[in-house]
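Worksheet: the structure to be examined is printed underneath.
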Amino acid sequence: MSRRTARLLLTIVMLIASSIGGVLATSGTAQADGCYTWSRNLSQGASGADVTQLQIRVAGYPGSGGVLAIDGSYGPATAAAVKRFQSAYGLAADGIAGPATFSKIYALQDDDCTPVHFSYAELNTCNSTWSGGAVSAATAKSNALRTMWKLEALRHALGDQPIRVTSGFRSQACNSAVGGASNSRHLYGDAADLGSGPHSLCRLAQQARNHGFNGILGPGYPGHNDHTHVDHRASRFWSAPSCGI
């Protein structure tokens with residue numbers, strides 16, 4: 001049995017269990033996960049590292065033009081993002097992260113905490129250490145993880161068809177080799193270039209507006225006619241003139 005099949009079976013078991021007697025609905029999930037296991041239900045007013053871990057995984061559901069703060073504080077914006085995540089996967093959309101929500105997240109993540117459809121290797125073809133960029137290796141890798149969860153949300157919204165990442169983290173040397181801008185977000189590990197595939201570059205750029213990316217560059221913007229770029233820069237800059245953005 002594959003690991004993904006096993007997780008699917010566990011998810012079904014958890015959903016059945018949570019509907020019988022309501023015990024799990026009040027005590028949180030007892031299911032262990034290879035990446036991260038939540039031990040309590042989370043709702044508005046909660047704070048802590050477990051909230052941060054949840055926010056990373058639902059940051060791709062902030063609403064159109066929104067960006068969810070990853071701050072460990074479960075406020076209205078986090079509750080709204082959880083509701084959108086729940087709705088996207090057919091769960092009861094109450095904004096409370098409990099067993100059903102956690103089980104869906106467990107099914108969506110691999111043991112290294114990356115979403116099942118993306119990998120660290122995919123977000124870094126430059127080197128194996130994540131070093132040499134504009135931030136520490138640990139920060140670059142952490143930024144890439146957040147990017148992947150937003151891409152997972154984008155992928156699901158586009159019908160769960162593959163998204164092709166053509167460039168992710170770059171060291172200074174790798175960035176120079178491809179002629180990247182000196183202040184490229186790729187140096188921070190929080191950027192991804194997406195190539196066309198099942199979806200056009202414009203479709204990717206247009207849909208990305210709903211999934212927490214402050215930076216979106218695509219067709220019509222200089223140097224971006226062959227890819228759509230997304231990133232986590234501090235303030236919004238969207239430009240894909242050929243796509244109406």
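Judged by distance alone, with hydrogens and angles left aside, the side-chain atoms of Arg164 form no donor-acceptor pair with the main-chain N or O of Leu194 at under 3.5 Å. At distances below 3.5 Å, not a single donor-acceptor pair connects side-chain atoms of His224 with backbone N or O atoms of Gly218. For Ser64 (side chain) and Asn210 (main-chain N/O), no donor-acceptor pair under 3.5 Å exists by modelled atom type. The backbone N or O of Gly95 sits less than 3.5 Å from a side-chain atom of Gln86, completing a donor-acceptor pair. Using a distance-only test at 3.5 Å, with no hydrogens or angles considered, a donor-acceptor pair links the side chain of Gln55 to the main chain of Gly72. Using modelled atom types, no side-chain atom of Gln207 and backbone atom of Leu158 make a donor-acceptor pair closer than 3.5 Å. Side chain of Lys83 to backbone of Ala93: no donor-acceptor contact under 3.5 angstrom is found. Panel note: side chain Ser103, backbone Pro99; a donor-acceptor pair is recorded below 3.5 Å. Side chain of Arg203 to main chain of Ser200: no donor-acceptor pair is present (N/O by atom type, distance under 3.5 Å, no hydrogens or angles). In this structure a side-chain-to-backbone donor-acceptor pair under 3.5 Å is missing from Arg57 to Ile105.
A distance of 12.0 Å separates CG of Leu187 from CG of Asn143, quoted to the nearest 0.5 Å. Taking CH2 from Trp130 and OG from Ser128, the interatomic distance works out to 10.5 Å, rounded to the nearest 0.5 Å. The OG atom of Ser182 sits 8.5 Å away from the CD atom of Gln172 when rounded to the nearest 0.5 Å. Distance OH/Tyr74 to OG/Ser47: 13.0 Å, rounded to 0.5 Å. In this structure, OG on Ser167 lies 11.5 Å from CD on Glu122, to the nearest 0.5 angstrom. Rounded to the nearest 0.5 Å, atoms CG (Asn225) and CG (Leu201) are 8.5 Å apart.
Leu68 and Met148 end up in the same hydrophobic cluster when Ile, Leu, Val, Met, Phe, Trp and Tyr side chains are linked at under 4.5 Å. Leu123 and Leu145 fall within a single hydrophobic cluster, where Ile, Leu, Val, Met, Phe, Trp and Tyr side chains are chained together by heavy-atom contacts under 4.5 Å. Linking Ile, Leu, Val, Met, Phe, Trp and Tyr residues whenever their side-chain heavy atoms come within less than 4.5 Å places Tyr36 and Phe85 in a single cluster. Under the 4.5 Å side-chain heavy-atom criterion for Ile, Leu, Val, Met, Phe, Trp and Tyr, Tyr221 and Leu204 are members of distinct hydrophobic clusters. Both Leu154 and Ile70 belong to a single network of hydrophobic side chains, linked directly or stepwise wherever heavy atoms of I, L, V, M, F, W or Y lie under 4.5 Å apart.
Between the side chains of Asp112 and Thr114, at least one donor N or O sits under 3.5 Å from an acceptor N or O. At a cut-off of 3.5 Å, with distance as the only test, no side-chain donor of His186 or Asp231 sits close to an acceptor on the other residue. Between the side chains of Ser136 and Thr139, a donor-acceptor pair is found at a separation under 3.5 Å.
The two atoms that bring His229 and Ala191 nearest to each other are CE1-CB, 3.5 Å, heavy atoms only. Pro219 and His227 make their closest contact through CD-O, 4.2 Å (heavy atoms, listed as atom of the first residue, atom of the second, distance). Contact detail for Ala153 and Tyr61: the closest heavy-atom pair is CB-CE1, 3.5 Å. Of all heavy-atom pairs spanning Ala46 and Leu42, the tightest one is CB-CD2, 4.1 Å. Between Cys35 and Asp110, the shortest heavy-atom contact is CB-O, 3.5 Å. Closest of all the heavy-atom pairs between Val135 and Tyr188 is CG1-CD2, 3.5 Å.
Val67 places none of its side-chain heavy atoms less than 4.5 Å from the side chain of Pro62. Side chains of Thr228 and Leu217 form no contact here, defined as non-hydrogen atoms less than 4.5 Å apart. For the pair Ser239 and Pro241, the minimum side-chain heavy-atom distance is below 4.5 Å. Considering only heavy atoms from C-beta on, Phe118 comes within 4.5 Å of Val165 through its side chain. Thr37 is listed as a side-chain neighbour of Tyr106, based on a closest heavy-atom distance under 4.5 Å. No side-chain heavy atom of Ile96 sits less than 4.5 Å from a side-chain heavy atom of Val82. Between Ser171 and Ser131 there is no side-chain heavy-atom pair separated by less than 4.5 Å.
His156 and His117 have their aromatic ring centers separated by at least 6.0 angstrom. The aromatic ring centres of His232 and Phe213 sit less than 6.0 Å apart.
Stacking of Lys141 on the aromatic ring of Tyr120 is recorded, both the 6.0 Å distance cut-off and the 45° axial limit being met. A cation-pi arrangement, defined by a distance under 6.0 Å to the six-membered ring centre and an angle within 45 degrees of its axis, is present between Arg236 and Trp238.
Checked against Arg170 for a side-chain hydrogen bond (donor to acceptor under 3.5 Å, both in side chains), the options Asn124, Thr125, Asn175, Asn127 give a single hit: Asn175.
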Applying side-chain contact (heavy atoms from CB on, under 4.5 Å), run through Leu108 and Lys104 and close with a yes or a no. CA-CA 6 Å; Leu108 286 173; Lys104 173 49 65 176; 4.0 Å; yes
Apply the test side-chain contact (heavy atoms from CB on, under 4.5 Å) to residues Arg209 and Ile245: give CA-CA distance (whole Å), side-chain angles for both, the deciding distance (0.1 Å), then the verdict. CA-CA 9 Å; Arg209 295 175 295 182; Ile245 298 174; 3.9 Å; yes
Please test Leu91 against Thr101 for side-chain contact (heavy atoms from CB on, under 4.5 Å), starting from the C-alpha separation and ending with a verdict. CA-CA 7 Å; Leu91 306 177; Thr101 300; 4.2 Å; yes
Working for salt bridge (charged side-chain N to carboxylate O under 4.0 Å, His left out), residues Asp50 and Arg40: CA-CA 9 Å; Asp50 51 357; Arg40 60 171 179 158; 2.6 Å; yes
Asp190 and Phe169: side-chain contact (heavy atoms from CB on, under 4.5 Å), yes or no, with the steps? CA-CA 7 Å; Asp190 67 10; Phe169 167 75; over 6 Å; no
